[in-house]
**Student:** 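Below is a structure I'd like to ask you about.
Below, read A as the first sequence line, B as the second, and so on, with proteins coming before strands; counting in each chain starts at 1.
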2 protein chains.
Amino acid sequence: MDVEDDRPEIAVSTVIFALRTNERTSTPQPPTIWLPLVCRVRDPYDGSWALPGGPLRAREGLADAARRTLHETTGLTPKYLEQLYAFGDVDRSPGRRVVSIVYWAMVESEEAQRAKVGQNVRWLSADRLPRLAFDHNLIVSYALWRLRNKVEHSRIAHAFLGETFTLRELREVHEVVRQKGLDPANFRRQMEASDALVPTDGTRTGGRHRPARLYRYNHAIELVDSGPLSTSSG
Amino acid sequence: MDVEDDRPEIAVSTVIFALRTNERTSTPQPPTIWLPLVCRVRDPYDGSWALPGGPLRAREGLADAARRTLHETTGLTPKYLEQLYAFGDVDRSPGRRVVSIVYWAMVESEEAQRAKVGQNVRWLSADRLPRLAFDHNLIVSYALWRLRNKVEHSRIAHAFLGETFTLRELREVHEVVRQKGLDPANFRRQMEASDALVPTDGTRTGGRHRPARLYRYNHAIELVDSGPLSTSSG
DNA sequence: GCAAAAGTGTTGCTAATACACCCATGC
DNA sequence: GCATGGGTGTATTAGCAACACTTTTGC
């Protein structure tokens, strides 16, 4: 066996999350977690759905590679991107040895609608996934677990929303991700106490009720979350 | 430039933590966090201290590689081992492109004393490190941050201790890692409430005071911490 | 006995919860 | 008006920190 071919390859993949409402149903429903997947067109796993990704280029950072590959396949620009885990089991890819550095990302709902879907790229519901290629079911499970964990103790839920948003919208993100209803009053107080939000002058009107104040995310804080690693250092 | 040489290499390194008392001082002192480092014997960074590690073999899992390389250089067998992060900045290694999958580990104090130190391997204090090779200072900082974060919300402190231990010993681990004194009474209650500990029949005697009950870690729980990833899947 | 750490009890503060209530808007 | 969600107030509860106190050992 050739020594060069023995060297493990490096690939970078990304689990991209967005909150979307199921278009198939006519009655209004709360959004759920969806992710764009790519249909493989060659073996192994020809015809299976897989995470967007690709090989790491020689002069390209890990996060850069994640951003590039997900943009190439989906056209999306994520609002949040973080390294998830390196998957490197010996036989996770039939025939070859591939170590995948996996990232996870969030895109806002508006951006998600701009994604170029088609025969080869499609949104699938995170909790009704078919059997995916490679170990990608495990990867998505872990990414979901991380998302749910992080959203409780961190201030990242806004990454699913636009520049400004109402407290109701932010609460809905939390409710969908954490899979349980939250008291509007208590949620408001927690957010106000956390210093994560800055009220704007605007309000969102719609529906037959009092208009809701629009808030903006307070970017002056987020340094705390990832410790010594800034968001860049991949 | 040759295409084969352009492909990024994969290395696996490990930040190994142990609690040790400084041998140089005669007066008894509380332990602090130490880690074994390897002195490099060739460029780049010839003569600098670096994390134990090495290239990933073709038919070897990531965690296996971490376990192997740290054992080869230090002789240690860690009680806890977890993936930390993949570091892959383009120019983190002069001349070559290396992506390092870094693990972090804890060894119990007794095991730490069995480590084979010498000219090339030495224990250094985690908060008084010199300038290390590559980006290893950043890596150690991040590992420390992770250790300190995880020890508060998780049940891993026992990994610094032997099979059985007193509440005082466990509390000392927390105090050293979290860098602050803890109330013995409240600490006891928290541990008892957490179900993480199982009391044994034994007691530890020593010093002129009442013997302390020995506890054992309750292994029936730990599944929760890492979510869908069991400790094996690297 | 006395020092020192093991172990127990009590109190008060803070934060999270549950839920009652008023406010402002669209229809 | 009236339904609906926006927004405020408040009582109850759970958890945690502080600290006084009792117990049991070595010397």
**Student:** Would you check if there is a donor-acceptor pair between the side chains of B:Thr205 and B:Arg210 at a distance under 3.5 Å?
**Tutor:** no

**Student:** If you check every side-chain atom of A:Pro211, which of C:dC19, D:dA18, C:dT25 has the closest atom?
**Tutor:** C:dT25

**Student:** Without decimals, in angstroms, what is the distance between A:His209 NE2 and C:dC27 P?
**Tutor:**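 Value for this atom pair: 10 Å.
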
**Student:** If you find the nucleotide of DNA chain D closest to A:Glu192 and the one closest to A:Arg208, which residue's nucleotide is nearer the 5' end?
**Tutor:** A:Arg208

**Student:** Take atom CD of B:Glu172 and atom C1' of C:dA5, then tell me their distance rounded to the nearest Å.
**Tutor:** 13 Å

**Student:** How many whole angstroms separate atom CZ of A:Phe187 from atom P of D:dG6?
**Tutor:** 12 Å

**Student:** 5'-most contact on DNA chain C: A:Gly206 or B:Arg168, nearest heavy atom basis?
**Tutor:** B:Arg168

**Student:** Do A:Met191 and A:Leu167 have side chains that get closer than 4.5 Å, going by heavy atoms?
**Tutor:**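 Side chain of A:Met191 against side chain of A:Leu167, heavy atoms only: contact under 4.5 Å found.
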
**Student:** Need one value for A:Ala185: base, sugar-phosphate or nothing, where a base atom within 4.0 Å counts as base even if backbone is also close, heavy atoms only.
**Tutor:**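 Result for A:Ala185 = base.
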
**Student:** May I ask you to verify whether the side chain of B:Arg210 and the base of D:dT23 hold a donor-acceptor pair under 3.5 Å?
**Tutor:**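 Counting by modelled atom types and ignoring angles, a donor-acceptor contact under 3.5 Å is found here.
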
**Student:** May I have the distance from A:Asp183 (atom CG) to D:dG7 (atom P), rounded to whole angstrom?
**Tutor:**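 In whole Å, D:dG7 P and A:Asp183 CG are 14 Å from each other.
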
**Student:** Grab the CZ-C1' distance between B:Arg213 and D:dT25 for me, whole Å please.
**Tutor:**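 For the pair B:Arg213 CZ and D:dT25 C1', the rounded distance is 14 Å.
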
**Student:** Check whether any side-chain N or O of B:Gln190 sits under 4.0 Å from OP1 or OP2 of D:dG15, and answer yes or no.
**Tutor:**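 Result: no.
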
**Student:** Between A:Arg188 and D:dG7, does any side-chain N or O lie under 4.0 Å from OP1 or OP2?
**Tutor:**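 Answer yes for this pair, as a side-chain N or O of A:Arg188 is under 4.0 Å from OP1 or OP2.
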
**Student:** Separation of B:Leu182 atom CG from C:dA6 atom P, in whole Å?
**Tutor:**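 It works out to 14 Å between those atoms.
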
**Student:** For B:Tyr80 and B:Glu82, which I'm curious about, is there any donor-acceptor pair between the side chains at under 3.5 Å?
**Tutor:**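 B:Tyr80 vs B:Glu82: donor-acceptor pair found between side chains.
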
**Student:** Taking CE from B:Met191 and P from C:dG7, how many angstroms apart are they, rounded to a whole number?
**Tutor:** 15 Å

**Student:** Using a 4.0 Å heavy-atom cut-off across all strands, classify A:Arg189 as base, sugar-phosphate, or nothing.
**Tutor:** base

**Student:** Roughly how many Å is it from CZ in A:Arg204 to C1' in D:dG7, rounded to a whole number?
**Tutor:** 17 Å

**Student:** With no hydrogens and no angle check, is any side-chain donor or acceptor of B:Thr14 less than 3.5 Å from a backbone partner on B:Ile16?
**Tutor:** no

**Student:** Of the nucleotides D:dG6, D:dA17, C:dA6, which one has an atom closest to the side chain of B:Asn186?
**Tutor:**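 Closest nucleotide among those given: D:dA17.
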
**Student:** For a quick check under 3.5 Å, do B:Asn149 and B:Arg146 share a side-chain donor-acceptor pair by atom type?
**Tutor:**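 Checked: B:Asn149/B:Arg146 side chains show no N/O donor-acceptor pair below 3.5 Å.
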
